[in-house]
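As a basis for the values below, the full set of heavy atoms in this structure was taken, side chains included, without hydrogen atoms, waters or symmetry mates. These numbers were taken from a predicted model, which means no experiment stands behind them.
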Amino acid sequence: MKVRQQQQDIPVCTLDDLRQADGVIFGTPTRYGNMTAQMKQLIDSTASLWLKGEMEGKPAGVFTSTGSTHVVRRLPCSP
């Protein structure tokens with residue numbers, strides 16, 4: 001079975017999903033030191049939510065993983 005067929009039932013996050021959520025956690029593998037194109041597309045599409053303040057006050061978290069043993073990147077975290 002091909003990967004696309006295996007993943008066809010996985011829902012795709014929409015702006016309405018983010019708008020209705022009580023909080024969010026984003027996770028992505030890294031590819032060549034960057035997030036996946038799908039994650040970047042989602043984050044880039046959220047400008048309208050931020051400009052309207054619809055994400056304000058929602059708890060949020062992020063995580064990432066990579067397969068490289070030679071690159072260490074630390075993300076700044078705010079309290």
Considering all heavy atoms, the nearest Leu15-Ser48 contact:
CD1-OG, 4.1 Å
Minimum-distance pair of heavy atoms, taken over all atoms of Met35 and Met39
SD-CG, 3.6 Å
Taking NZ in Lys40 as the centre, count heavy atoms belonging to other residues, nucleotides or ligands within less than 6.0 Å. Is the count above 12?
no
Determine whether Thr46 and Met55 satisfy the following criterion, side-chain contact (heavy atoms from CB on, under 4.5 Å), listing intermediate values before the conclusion.
CA-CA 9 Å; Thr46 64; Met55 298 301 288; 5.9 Å; no
So, does Gln5 use its side chain to make a donor-acceptor pair with the main chain of Lys2 at under 3.5 Å?
yes
Is the side chain of Asp17 donor-acceptor paired with the backbone N or O of Thr14 at a distance under 3.5 Å, no angle test?
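Yes, because the side chain of Asp17 sits within donor-acceptor range (under 3.5 Å) of the backbone of Thr14.
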How long is the span from the NZ atom in Lys58 to the CG atom in Leu18, to the nearest 0.5 Å?
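Going from the NZ atom of Lys58 to the CG atom of Leu18 covers 7.0 Å.
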Please walk me through it: do Val62 and Thr28 pass side-chain contact (heavy atoms from CB on, under 4.5 Å)?
CA-CA 8 Å; Val62 296; Thr28 181; over 6 Å; no
Given side-chain contact (heavy atoms from CB on, under 4.5 Å), test Gln38 with Val12 step by step and report yes or no.
CA-CA 10 Å; Gln38 296 90 336; Val12 175; over 6 Å; no
Does one hydrophobic cluster hold both Ile43 and Trp50, with members joined at side-chain heavy-atom distances below 4.5 Å?
yes
Could you work out, with side chain to side chain contact (heavy atoms under 4.5 Å, CB included) as the rule, every residue matching Thr30, not counting sequence neighbours?
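Result, side chain to side chain contact (heavy atoms under 4.5 Å, CB included) vs Thr30: Thr64, Thr66.
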